[in-house]
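Have a look at the structure below before the remarks.
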Amino acid sequence: MCSQATVEALTAAREDRQQVAALIQLTDEQVAEATNLATATYERWQSARGHYRNTFASHRKGKLGEVAVETWGLQNGLHVEPWFRDTARERDADIGINGQRFDVKTWDIRYWERMGRCVRPNQVAALARKADGIVWCFVNEPTQEVTIAGWSTVAEVARLPILLTGPGGRELENHQMAVDAMRSLEQLDRLTQ
């Protein structure tokens, strides 16, 4: 389960021992807001083919991650621009943090190890145009906890080898960031100040 122990394990896996992850406990109000935003984006895009399966659940997971990253930034005194709230800006980066543009990628905790931290090769160019980096998250929806596991630049992701990831029979080509290769949140804090 997602817990403070998970955050500590992610941090301990790094040689530099910097805090790589943060656990954000979302409030009922934040979950309701994320759900409302997800409803709007899903209704707009439900018939469009995406890089992955286009479901309400995936839209909701994404919005939970975005709300969590905003919360973390505000808790750490950073200047946060929550562009994800403006449905007219859906093709832009999700969030601005101290002048840097970030996309937020969020997975269910059950799929984090095997399928998390993935970007489709045909998605990289569009990401590079709209964002400087990617913040990686996973969510435990029953507990309303989001773990912000770290971040990477889009250029770092683009240099990764292409791997087949996903369940057998439905594997997709992806660039997959290794857990121990993600940048720490401390680095994000310093980079953007």
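It should be emphasised that the depicted structure is a prediction, and the values quoted were computed from it without experimental measurement.
Of all heavy-atom pairs between K63 and A38, the closest is CG-N, 3.8 Å. When every heavy atom of I162 is checked against every heavy atom of P121, the shortest pair comes out as CD1-CG, 3.7 Å.
Counted by atom type alone, E186 and S184 present zero donor-acceptor pairs between their side chains at under 3.5 Å. Side-chain contact annotation: D28 with Q144, donor-acceptor N/O pair under 3.5 Å present.
You'll find the side chain of Q123 stays beyond 4.5 Å of the side chain of H175, heavy atoms only. Counting heavy atoms from C-beta outward, L64 and T106 have side chains that stay 4.5 Å or more apart.
In this structure, the side chain of E173 does not engage the main chain of R120 through any donor-acceptor pair within 3.5 Å. For the pair N174 (side chain) and T165 (backbone), a donor-acceptor distance under 3.5 Å is absent. One N or O on the side chain of W107 and one on the backbone of M115 form a donor-acceptor pair closer than 3.5 Å. When atom types are taken as modelled, the side chain of N98 and the backbone of H79 share a donor-acceptor pair closer than 3.5 angstrom. Here the side chain of N76 pairs no donor or acceptor atom with the backbone of L78 at under 3.5 angstrom.
Taken together through direct or relayed side-chain contacts under 4.5 Å among Ile, Leu, Val, Met, Phe, Trp and Tyr, L163 and V179 form parts of separate hydrophobic clusters. With hydrophobic clusters built from ILVMFWY side chains whose heavy atoms lie under 4.5 angstrom apart, I109 does not share a cluster with Y111. The cluster map of Ile, Leu, Val, Met, Phe, Trp and Tyr, joined by side-chain heavy atoms under 4.5 Å apart, puts I134 and W83 in different clusters.
By the 30° and 60° cut-offs, the orientation of the rings of W151 relative to F102 is perpendicular.
With respect to the salt-bridge test (charged N to carboxylate O, under 4.0 angstrom), the residues R101 and D132 qualify.
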